[in-house]
Amino acid sequence: MTYFIDVIVPIPLQKLFTYRITEAEATFLQKGMRVSVPFGKTKMHTGIVHRIHNEGPTAYEAKDIHQILDETPLVTEIQLKFWEWISSYYMCTMGDVMRAALPNAFILESETMLTKTNVKLDETRLKDDEFLVYEALHHQSSLKVQDVMQILDKKSVLPVIKRLIEKEAVAVEEEVFEKYKPKLVRYVKLSAHFSSEVRLQELLGDLSRAPKQRDVVMTLFSMAAKTQKPVKVSELIAESGASTSIIKALIDKTVLEDYVIQTDRIHYTGGANAASKTLNVHQEQALSEIRTTFETQHTTLLHGVTSSGKTEIYVKLIETVLETGRQVLYLLPEIALTTQLVSRLQNYFGEKVALYHSKYSSHERVEVWNNVLQNTAKAQVILGARSSVFLPFKALGLIIVDEEHEQSFKQFDPAPRYHARDAAIVLAHMHGAKTLLGSATPSLESAFNAQQKRYGLVSLKQRHNNVLMPDIELVDIKDKYKRKLMRGHFSDRLLEEMAVTLEEGHQIILFQNRRGFSPIIECNTCGHATQCPNCDVSLTYHQYRKQLRCHYCSYHTAMHKQCEACGSPELDNKGFGTEQIEEEVKVVFPKHKVARMDLDTTRGKYGYEKIITAFEQQEVDILVGTQMLTKGLDFRNVKLVGVMNADTMLNFPDFRAHERSFQLITQVSGRAGRTDTRGKVLVQTYNPYHNILQQVASNAYGAMYKEQMDDRFNYKYPPVYKQIKITLKHKDYNRVEQASLWLAKSLRQVFKEHVLGPESPAVARIRNQFYKNILIKIPKDQSLAKTKKAIIRINNSFSSIKEFRSVRILLNVDNY
Ligand code: ADP
Ligand code: ZN
Ligand code: ZN
């Protein structure tokens, strides 16, 4: 009998590859284990075993695998099922899903770059082959896995590399700029030699002339006896009051031995678990309704106004699930939020809380992965951004999707272009778990699903402590400009309220939906604005670095002194960003501290943390920021929120612009007055009679929902219709134009009037590639599966046309 396995490799291939294995390997291997496999003439990939069988491929001769990399499956059966769902629903390959799902350190391949870490290493701990690789990295800054094959003169090098990674002698490429610092804690114990009572007494006798050393030994002895746990060097120093040199002397005499334990980096050092809060009557009511809906529904939407205490309700639900020994996944739209939430949850659940997101290094992600897979005590509540739906849950009981309306749950690039909220619901289903979606401003699709009774619906209308909803005032800046009542971008009303708020010792948030100083610099004489050489957009001015930058491709150049086109020195700022607001505030309120939170100021791993903490601790009086500010942050002392300009959001060319504006402004308003006194919100706009602004001001979610749904219905938009976007790109404009016309025509033969385009997007060229979009609308009664099949069929004929072969096609299901 010949044995074969189908292997998922992390590259976009339509089909899985089949390899031959021996009978012994067949008995050992299980689905979900990793194998390293040859690919092409020289390449090597790490793959995941998907199926073990006896059917050799007919189209090609199966190669042998290099070797097996795991002793137990790294990926669970449920995960493989989940990957299949993602791949089929979002029209991407299993390889795409694998790449998104696994931490990089798990998928070494011949092209993976290895580098030396900065960790000080005891070289004697390395085996011979490990040392050869380590040594080579002293002469060369990086090595590819295939170089390692040459150095060791064999193909099966991954186990060696795996051990080197575990010993932290080498790192995979991505970690280089993470500046990853391992946390090595030094412990100390009495040498084994003194473990008997007799020898210990002898030792104490010998040390009678060195009383300080004797003290240390006695202290260590009693500490170890008391706690039965390893004693840290730092603890011993603190407890005994001895200096480090005394401890060193004892170590040198081999009375004491020091050693290190690799502690988990994601380490919680807080106090004991606090009891969760007693819910108020409204929360109590909502909680019991949620439990009731869960009896009949898989998914429930909790629509609770800002500061109604949704988080405390989640905590109660989490407690119940943990009692049954099952895991909880708590999804957040962005890590900006985790800083606050992590400490809130750790207060209740201590070490059981683990974090997972893309700013973590591979090492840290590997740690969390393994903890989740083994369902250890440290991985009971996983708090994470969208990619955490890919963790290897063993026994998932509940998924919470907080701020479910947030767009950042959707991955746009690269494939899989999945929506983490929707994927989470499917994942929960596979585990027999429940999903709770929470928001103060639910997405129309979730509200629609609830209205259609596909989800349970629970509403919470009171803020905790019965604090009033903030008082929202619309300020007509057209009128203010006319009457010369504007100072920079600030109306007299906003400045008045700011002065009062600061006077009373409260804090202020100013929201501006743009980063950078001033998006565009235009010549006053000829109207020229500097364009990016690679993309069809104007460059954005960043004052801090005195640079013009492209937000699409990161191209940048020094700010010009004169117009490039006509030489005029009169260059003017059009539009304004967070940086400019910050500048203006500093001038008006020079005595107060201003900070800014946007993509530019939060780059580092702890970027958010620093700003949020400074604001929480009231070191900062005024915080200027973008979107990031709107996401569920809980500040106690904010009394005033200013929305600098509501119109840019409202006028954004997207069918969701109105829904999004309602959500954004309501959410940012929700940061005001969360504790006792009522907050105040000023929304500056040219259009105070705009329906959306009126609805925001009167907190009328229902009216907004109804009006927007009418539009969606009339114009055939989601959630009434489904949507798939097809994007074509190529460096030659004519090629992409022809290809898109051909594709649209073929699609029209099947889908008729439900095909829109091809159209050039607003930014038609990015990184020197021209783009075309085609949109397919799918009525509710049309089978999604059949639609996708037809698209794939047409796609295949497309790729068989020679001139079109080099045109890249991207499929985006639910592209909104
Ligand atoms: P939401 O997530 O709905 O915006 P939060 O859960 O952040 O609201 O709650 C708002 C504030 O009220 C938080 O500071 C929270 O600690 C507090 N809070 C909510 N519920 C209670 C409760 N039952 N007892 C005490 N404080 C509460
Ligand atoms: Zn000019
Ligand atoms: Zn560019």
Side-chain angles (χ1 to χ4, degrees), residues 274-287 290 301-319 330 332-333 337-348 400-406 436-442 458-470 516 519-520 529-540 542 547-557 612 616 629-638 663 666-677 679 761-771:
S276 60
K277 297 196 164 74
T278 313
L279 297 186
N280 65 42
V281 285
H282 309 292
Q283 287 170 317
E284 215 34 271
Q285 170 75 17
L287 176 63
I290 292 169
L301 171 64
L302 171 61
H303 180 182
V305 297
T306 54
S307 204
S308 55
K310 295 184 286 297
T311 319
E312 303 303 329
I313 298 179
Y314 304 153
V315 167
K316 296 289 180 197
L317 288 165
I318 296 171
E319 278 174 356
Y330 192 133
L332 281 166
L337 256 176
T338 52
T339 312
Q340 281 195 338
L341 199 67
V342 146
S343 37
R344 255 171 105 174
L345 292 182
Q346 279 177 338
N347 249 332
Y348 301 134
I400 292 164
V401 186
D402 199 8
E403 312 292 343
E404 69 80 32
H405 62 278
E406 276 291 335
L436 183 67
L437 311 178
S439 176
T441 51
V458 174
S459 306
L460 185 54
K461 298 210 165 72
Q462 277 79 18
R463 288 189 137 191
H464 178 63
N465 266 346
N466 295 319
V467 178
L468 289 174
M469 291 303 286
I520 300 163
T530 308
Q531 302 289 306
C532 174
N534 313 316
C535 314
D536 275 351
V537 286
S538 306
L539 296 175
T540 301
H542 286 237
Q547 276 179 346
L548 294 170
R549 300 186 70 93
C550 171
H551 284 187
Y552 288 84
C553 74
S554 307
Y555 169 86
H556 52 87
T557 170
I612 289 173
E616 259 174 354
L629 276 181
T630 62
K631 292 172 190 171
L633 292 165
D634 185 34
F635 297 114
R636 324 236 77 196
N637 192 39
V638 174
Q663 288 161 339
T666 306
Q667 291 285 350
V668 74
S669 305
R671 305 311 117 209
R674 290 173 69 88
T675 34
D676 34 55
T677 41
V763 181
R765 187 178 53 122
I766 298 175
R767 292 172 204 268
N768 286 317
Q769 300 269 332
F770 290 94
Y771 283 71

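Atoms within a ligand are numbered from 1 in the order they appear, just like the ligands themselves. Remember, it's a predicted structure, so these values are computed and weren't measured experimentally.
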Subset of ligand 1 atoms that lie under 4.0 Å from at least one heavy atom of Asn280: 23 (N)

Any idea which atoms of ligand 1 are less than 4.0 Å away from a heavy-atom of Glu312? 6 (O), 15 (C), 16 (O), 19 (C), 20 (N), 21 (C)

Would you confirm whether Lys310, through its side chain, and Leu460, through its main-chain N or O, come within 3.5 Å as a donor-acceptor pair? no

So, does Arg636 sit close enough to ligand 1 that a heavy atom of it is under 4.0 Å from the ligand? yes

As an exercise, state the distance from CD of Gln285 to CD1 of Ile290, rounded to the nearest 0.5 Å. 10.5 Å

Using a plain distance cutoff, I'd like to know if Thr306 has any nitrogen or oxygen under 3.5 Å from a nitrogen or oxygen of ligand 1. no

Please tell me whether Arg767 and Gln769 have a donor and an acceptor in their side chains that are separated by less than 3.5 angstrom. no

Is there a donor in the side chain of Tyr314 and an acceptor in the side chain of Glu319, or the other way round, less than 3.5 Å apart? no

Say you draw a straight line from CG of Leu341 to CD of Gln346; how long is it, rounded to the nearest 0.5 Å? 10.0 Å

Just to be sure I'm reading this right: ignoring hydrogens, which of Ile313, Thr311, Leu341 gets closest to atom 2 (O) of ligand 1? Compare them by their nearest heavy atoms. Thr311

Compare all side-chain heavy atoms of Val458 with those of Leu301 and state whether any distance is below 4.5 angstrom. no

Out of His282, Arg344, Lys277, His464, indicate the one that has the non-hydrogen atom closest to atom 7 (O) of ligand 1. Arg344

All side-chain contact (heavy atoms from CB on, under 4.5 Å) counterparts of His405, not counting sequence neighbours: Glu403, Ser439, Thr441, Ser443, Gln663, Gln667

Any donor-acceptor pair under 3.5 Å linking the side-chain atoms of Arg765 with those of Asn768? yes

Please give me the protein atoms (N, O or S only) lying under 2.8 Å from the Zn ion (ligand 3), ordered by chain and number. Cys532 SG, Cys535 SG, Cys550 SG, Cys553 SG

How long is the gap from CD on Glu404 to CG on Leu302, to the nearest 0.5 Å? 10.5 Å

Is Ser307 close enough to touch ligand 1? Criterion: a residue heavy atom under 4.0 Å from a ligand atom. yes

Which atoms of ligand 1 sit under 4.0 Å from any heavy atom of Thr278? 22 (C), 23 (N), 24 (N)

Spell out, as yes or no, whether a donor-acceptor pair under 3.5 Å connects the side chain of Asn465 to the backbone of Val467. no

